[in-house]
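Accompanying notes for the structure given below.
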Amino acid sequence: MSEAGEFIDLSLQREASWRRAEQLQARLETEPAGSGLRFYGTSVGAVRGTVRDAGRRYPGLSRDEVAALSSELWGSELERSDLAGSDLRAAPVFERRLAAVVLLQNNVKLLTNADLTRLEGFIRQARVPDLVDPLAVDVVGPLVDGLDVLARVRADSVLDRWVREPDAWLRRAALLSPLLALRAGAGDWDRFVRHANAVLGEPGGKFDADGMAVRDAVSRVLAEMAKRRPELQFTSVGA
């Protein structure tokens, strides 16, 4: 593990709580990927504080360094077992993955169109709203909004593909990605409506066990816009 990665991991472990870990595990085990995670029991605030402290300790990280550190925190690595003295493949740790998300949130201005491939991989593996939603709303959306015209066209084509993907969590991410812009009075509402109708109009059989994750994303955006921008109208294809 890199020096920055080790600093973050050890800091997260110092803030651990077995009671919080048990509660988080009990809640997330109902999600498709929850049973495959380990939990330190570090609070969200402590995760954010740890990443903020790491930023002060290792200032001026480049895009490549941010990308490498986020991947390191996200993925399960071959780790040394203190008891067995042998290399074992450890399950990924929820709080380390959340730290990767916070790291990307804090450095989203460094990210480029090329980073959508890495983010797609993270979303495919995340499969819990606690990780997918901040990746979509706070990373993918601002990343795409900050691109120049040509890069934005390419990124939009990626999101168009995500909406057509069998993976419900990629579709959820595509639907939630414009939320910050729409909240701020900007964003492409017509495009969201097209994406929402594309998934809501699917035959019910195409929705897998995660299908509610897609419908919930549409409902979340519509509920927020009903309060913040009631002038926006949503017309369902089936209406």
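What you see is a predicted model, and the numbers here were worked out from it, not measured in a lab.
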Inter-residue atom distance Met225.CE - Lys227.NZ, 0.5 Å rounding: 9.5 Å
Please state whether the rings of Tyr58 and Phe7 are parallel, tilted or perpendicular, taking 30° and 60° as the class boundaries. perpendicular
With a 4.5 Å cut-off on side-chain heavy atoms, are Leu119 and Leu143 touching? yes
With rounding to the nearest 0.5 angstrom, report the CZ to CG distance, Arg118 to Leu111. 9.0 Å
Identify the heavy atoms of Leu170 and Glu120 that sit nearest to each other, and give their distance. CD2-CG, 3.8 Å
Hydrophobic clustering (ILVMFWY, side-chain heavy atoms < 4.5 Å, transitive) - are Leu232 and Leu222 grouped together? yes
For Ala136 versus Leu176, what's the shortest heavy-atom pair and its separation? CB-CB, 4.0 Å
Quick one: do Leu98 and Asp130 satisfy side chain to side chain contact (heavy atoms under 4.5 Å, CB included)? Show the steps, please. CA-CA 8 Å; Leu98 185 58; Asp130 301 63; over 6 Å; no
To the nearest 0.5 Å, atom CG of Asn106 lies from atom CZ of Arg52 at 8.5 Å
Are Trp169 and Val214 packed together at the side-chain level, in the sense that at least one heavy-atom pair is separated by less than 4.5 angstrom? no
Look at Arg171 together with Glu165 and state whether they make a salt bridge at an N to O cut-off of under 4.0 Å. no
Under 3.5 Å, side chain of Arg38 to main-chain N/O of Ala91, donor-acceptor pair present? yes
Donor-acceptor pair, side chain of Ser71 and main chain of Ala68, under 3.5 angstrom: no
Going by heavy atoms in the side chains, are Asn107 and Glu65 under 4.5 Å from each other? no
Could you check whether any side-chain heavy atom of Leu69 comes within less than 4.5 Å of a side-chain heavy atom of Ile8, counting everything from C-beta outward? yes
Which pairs count as salt bridge (Lys or Arg N to Asp or Glu O under 4.0 Å) when at least one residue sits in residues 2-25, sequence neighbours excluded? Asp9-Arg96
Separation between OG of Ser177 and CD1 of Ile123, rounded to the nearest 0.5 Å: 8.5 Å
Are Leu200 and Phe192 connected in a single hydrophobic cluster, I mean Ile/Leu/Val/Met/Phe/Trp/Tyr linked by side-chain heavy atoms less than 4.5 Å apart? yes
Any Val93 side-chain heavy atom under 4.5 Å of Leu37 side chain: no
Would a 4.5 Å heavy-atom cut-off, applied to side chains only, mark Val221 and Trp189 as touching? yes
Would Leu147 and Arg154 count as a side chain to side chain contact (heavy atoms under 4.5 Å, CB included) if you check the C-alpha gap in whole Å, the side-chain angles of each, and the deciding distance to 0.1 Å? CA-CA 10 Å; Leu147 298 174; Arg154 293 173 179 168; over 6 Å; no
Of all heavy-atom pairs between Val101 and Val139, which one has the smallest distance, and what is that distance? O-CG2, 4.3 Å
When every non-hydrogen atom of Asn197 is compared with those of Thr235, the smallest separation belongs to ND2-O, 3.0 Å
Can you tell which of Arg127, Arg172, Arg161 makes a salt bridge (charged side-chain N to carboxylate O under 4.0 Å, His left out) with Asp167? Arg127
Ala99 versus Leu12, closest heavy-atom pair with distance: CB-CD1, 4.3 Å
Gln23 CD to Leu28 CG distance, which is reported to the nearest 0.5 Å: 11.5 Å
With a 4.5 Å heavy-atom cut-off, do Asp160 and Val163 have their side chains touching? no
Mark yes or no for whether Arg229, through its side chain, and Ala186, through its backbone, hold a donor-acceptor pair below 3.5 Å. yes
Can you pull out every ring pair (Phe, Tyr, Trp, His ring centres under 6.0 Å) where at least one residue sits in residues 119-138? Sequence neighbours excluded, please. Trp74-Phe122
Hey, does Asp138 have a side-chain heavy atom less than 4.5 Å from the side chain of Leu180? yes
Kindly work out whether a path of hydrophobic side-chain contacts (I/L/V/M/F/W/Y, heavy atoms less than 4.5 Å apart) joins Val44 to Leu73. yes
Any side-chain to backbone donor/acceptor pair from Asp115 onto Thr112? Under 3.5 Å, distance only. yes
Nearest 0.5 Å, please: how far is CG in Asp156 from NE2 in His195? 7.5 Å
Nearest heavy-atom approach of Glu95 to Gly41 is OE2-N, 2.8 Å
